[in-house]
Amino acid sequence: MNVPNFGIRRWVLAVALLSMVVAYSRADAVTIDWVTVGDAGNAADTTTYGAVADAFQIMKFEWTNSQYVEFLNAVDPDGTNPNSVYNNDMGSNARGGISFTSGNTAGSKYAPKTNMGDKPVNYVSWFDAARVANWLQNGQGTGSTETGAYTLNGATTGNAPAVNSGATYYIPTEDQWYKAAYYKGGGTTAGYWDYATQSDTDPTAVTAGTTGIGSAGATGNFANFNRGADWNSQDGNVTTVGTNGGASAYGAFDMSGNVYEWNDLDGLAASGSSRGLRGGDWNNNAFNLSSSLRSAIDPSNEFDIIGFRLASPVPVPEPSTCAVGLAGIACAGWGMWRRGKRA
């Protein structure tokens, strides 16, 4: 069969573009639900925190054990634990959520423990959270954990570096975290709630069923604190993200209770020997959940009451958007080849 040269060229173009679609449309190991924090240029709270000049996005839920397992298996397929990204307490402690099995095949040595995949990861340092941000910025998979959003170069202790210019994933500043949790929204002078459940009244402590799902679902002035969620033979424990009562005004869940979350205490432009924690945890009382309580600790600390969520500029680029665009081009190329063949 004789095919005109222009038809061959169009066919080759179509095949190449379709190959690009396959490459770009693969499902990333970790997908993230984001909420947008608008009302740019809002006023600070009476505590002096919460003023943010620009809109940004923050994770709707805390980073989970399942998401951290995907990170671990990608960056540490052989189980050598570079840069101490895995804390053994994740496996040995009942409140930790990730097991390690050295005999498993490469890339599957880490796994969520029973009923722990949808719980917030804990025993993570600020450096661990920064490495996750780097990994996301570098496309997941075999992407580097040492450069990108933060220049770490093997550091696991000492000063936490400032975020790099142009970071697309990062640990939120204290003002960003505070605003996402407590600001009432709807304007630049809307004011602030005392708790991230959109309330000035102490939340009610959730209980939990046998698999650790919080009793409140996704509504009401509830939070996981004060050792109220007894399950897995523990007097108080982490609970499934998003099941501990109402969201903040911007739609972010569990910013009061469950686990403390890292923030860049000193802002985006500064490095420092301490980093911030906000939001309280499953163990402490209601005051620790409130906007009045702030903490600053060594960024290398890893405890069962500490987790994280990340922030990002608006908008977050999604691979699926690229895939759709390429698919359209590829389909156009295929159509050209079909028309060329008929010609």
Side-chain angles (χ1 to χ4, degrees), residues 28-35 37 56-76 83-87 89-91 95-98 110-113 115-138 140 143 145 148-150 152 160 163 167-173 176-177 180-181 196 212 214 224 237-244 247-248 251-264 275-282 299 301-312 316:
D28 283 322
V30 172
T31 57
I32 298 172
D33 290 324
W34 300 95
V35 297
V37 181
F56 64 96
Q57 293 190 141
I58 198 165
M59 289 177 62
K60 184 176 183 177
F61 305 108
E62 294 156 327
W63 194 271
T64 66
N65 287 308
S66 287
Q67 290 173 318
Y68 202 74
V69 162
E70 295 289 353
F71 165 73
L72 289 172
N73 281 324
V75 304
D76 185 25
N83 307 309
S84 301
V85 288
Y86 179 73
N87 184 318
D89 285 333
M90 292 176 176
R95 294 190 180 97
I98 301 173
Y110 298 96
K113 291 160 66 174
N115 296 323
M116 294 297 287
D118 57 4
K119 309 304 184 288
V121 68
N122 52 12
Y123 294 110
V124 283
S125 68
W126 180 95
F127 290 97
D128 294 330
R131 286 189 161 88
V132 170
N134 282 347
W135 178 66
L136 291 172
Q137 178 130 348
N138 290 314
Q140 302 190 38
T145 63
Y150 300 89
L152 299 174
V163 70
T168 53
Y169 302 93
Y170 55 87
I171 298 164
T173 65
Q176 287 176 328
W177 196 100
N224 180 16
N237 201 351
V238 290
T239 44
T240 299
V241 297
T243 69
N244 300 296
S248 73
F253 285 85
D254 305 329
M255 298 193 82
S256 282
N258 222 7
V259 288
Y260 276 104
E261 298 174 18
W262 287 108
N263 66 72
D264 267 355
R275 281 297 184 256
L277 294 174
R278 281 279 188 178
D281 65 279
W282 56 265
N301 283 336
E302 300 176 334
F303 301 119
D304 62 359
I305 58 172
I306 296 177
F308 70 95
R309 76 179 75 210
L310 298 177
S312 175
V316 174

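Owing to the predicted nature of the structure, the values given are computational and were not obtained by experimental measurement.
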CA sep, side-chain torsions, deciding dist, call: Val124, Met90, side chain to side chain contact (heavy atoms under 4.5 Å, CB included): CA-CA 9 Å; Val124 283; Met90 292 176 176; 3.7 Å; yes
Residues Glu62, Asn258; criterion side chain to side chain contact (heavy atoms under 4.5 Å, CB included); working and verdict: CA-CA 9 Å; Glu62 294 156 327; Asn258 222 7; 3.1 Å; yes
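Side chain of Asn263 to backbone of Pro172: no donor-acceptor contact under 3.5 angstrom is found. Remark: the backbone N or O of Ala130 is not paired with any side-chain donor or acceptor of Trp262 at under 3.5 angstrom. A donor-acceptor distance shorter than 3.5 angstrom exists from the side chain of Asn224 to the backbone of Asn237, with no hydrogens or angles considered. Using modelled atom types, no side-chain atom of Asn83 and backbone atom of Val85 make a donor-acceptor pair closer than 3.5 Å. For the pair Gln140 (side chain) and Val30 (backbone), a donor-acceptor distance under 3.5 Å is present.
Here the straight-line distance linking atom CD of Gln137 with atom OH of Tyr170 works out to 11.0 Å at 0.5 Å rounding. Here Trp177 contributes atom CH2 and Glu261 contributes atom CD; the two are 5.5 Å apart, rounded to the nearest 0.5 Å. From Ile32, atom CD1 reaches atom CG of Leu310 across 6.5 Å, with rounding to the nearest 0.5 Å. For the atom pair CZ of Phe127 and CD1 of Ile171, the computed distance is 9.5 Å after rounding to the nearest 0.5 Å. Atom CE of Met255 is separated from atom CD1 of Ile58 by 4.0 Å, given to the nearest 0.5 angstrom. How far OG of Ser125 is from CZ of Phe303: 11.0 Å, rounded to the nearest 0.5 Å.
Counting heavy atoms from C-beta on, the side chains of Arg95 and Trp282 come closer than 4.5 Å. The shortest distance between side-chain heavy atoms of Asp33 and Phe61 falls below 4.5 Å.
Nearest approach of Pro112 to Gly117, heavy atoms of both residues: CB-CA, 3.8 Å. Shortest non-hydrogen contact noted between Arg131 and Thr145 is CG-O, 3.5 Å. The shortest non-hydrogen separation linking Gly91 to Tyr86 is N-OH, 3.3 Å. Listed here is the closest heavy atom pair of Gln67 and Thr64: OE1-N, 2.9 Å. The minimum heavy-atom distance linking Asn65 with Pro120 is given by the pair ND2-O, 3.8 Å. The two residues Met59 and Arg309 have their closest heavy-atom pair at O-NH1, 2.9 Å.
A donor-acceptor pair shorter than 3.5 Å can be found between the side chains of Asp264 and Trp126. Judged purely by distance below 3.5 Å, without hydrogens or angles, the side chains of Asp254 and Asn244 pair a donor atom with an acceptor atom. A donor and an acceptor atom, one from each side chain of Gln57 and Ser312, are nowhere located under 3.5 Å apart. Lys119 and Thr240 form a side-chain donor-acceptor contact under 3.5 Å, judged by distance and modelled atom types alone. Counting only N and O atoms by type, the side chains of Asp304 and Asn122 include no donor and acceptor under 3.5 Å apart.
The aromatic rings of Phe308 and Tyr68 sit perpendicular to each other, their planes meeting at more than 60°, with 30° as the lower class boundary.
Remark: Ser248 pairs with Tyr250, Ala252 by the side chain to side chain contact (heavy atoms under 4.5 Å, CB included) rule, at least two apart or across chains. For Asn73, there are no side chain to side chain donor-acceptor pair (under 3.5 Å) partners, not counting sequence neighbours. The side chain to side chain donor-acceptor pair (under 3.5 Å) search around Asn134 returns none, not counting sequence neighbours.
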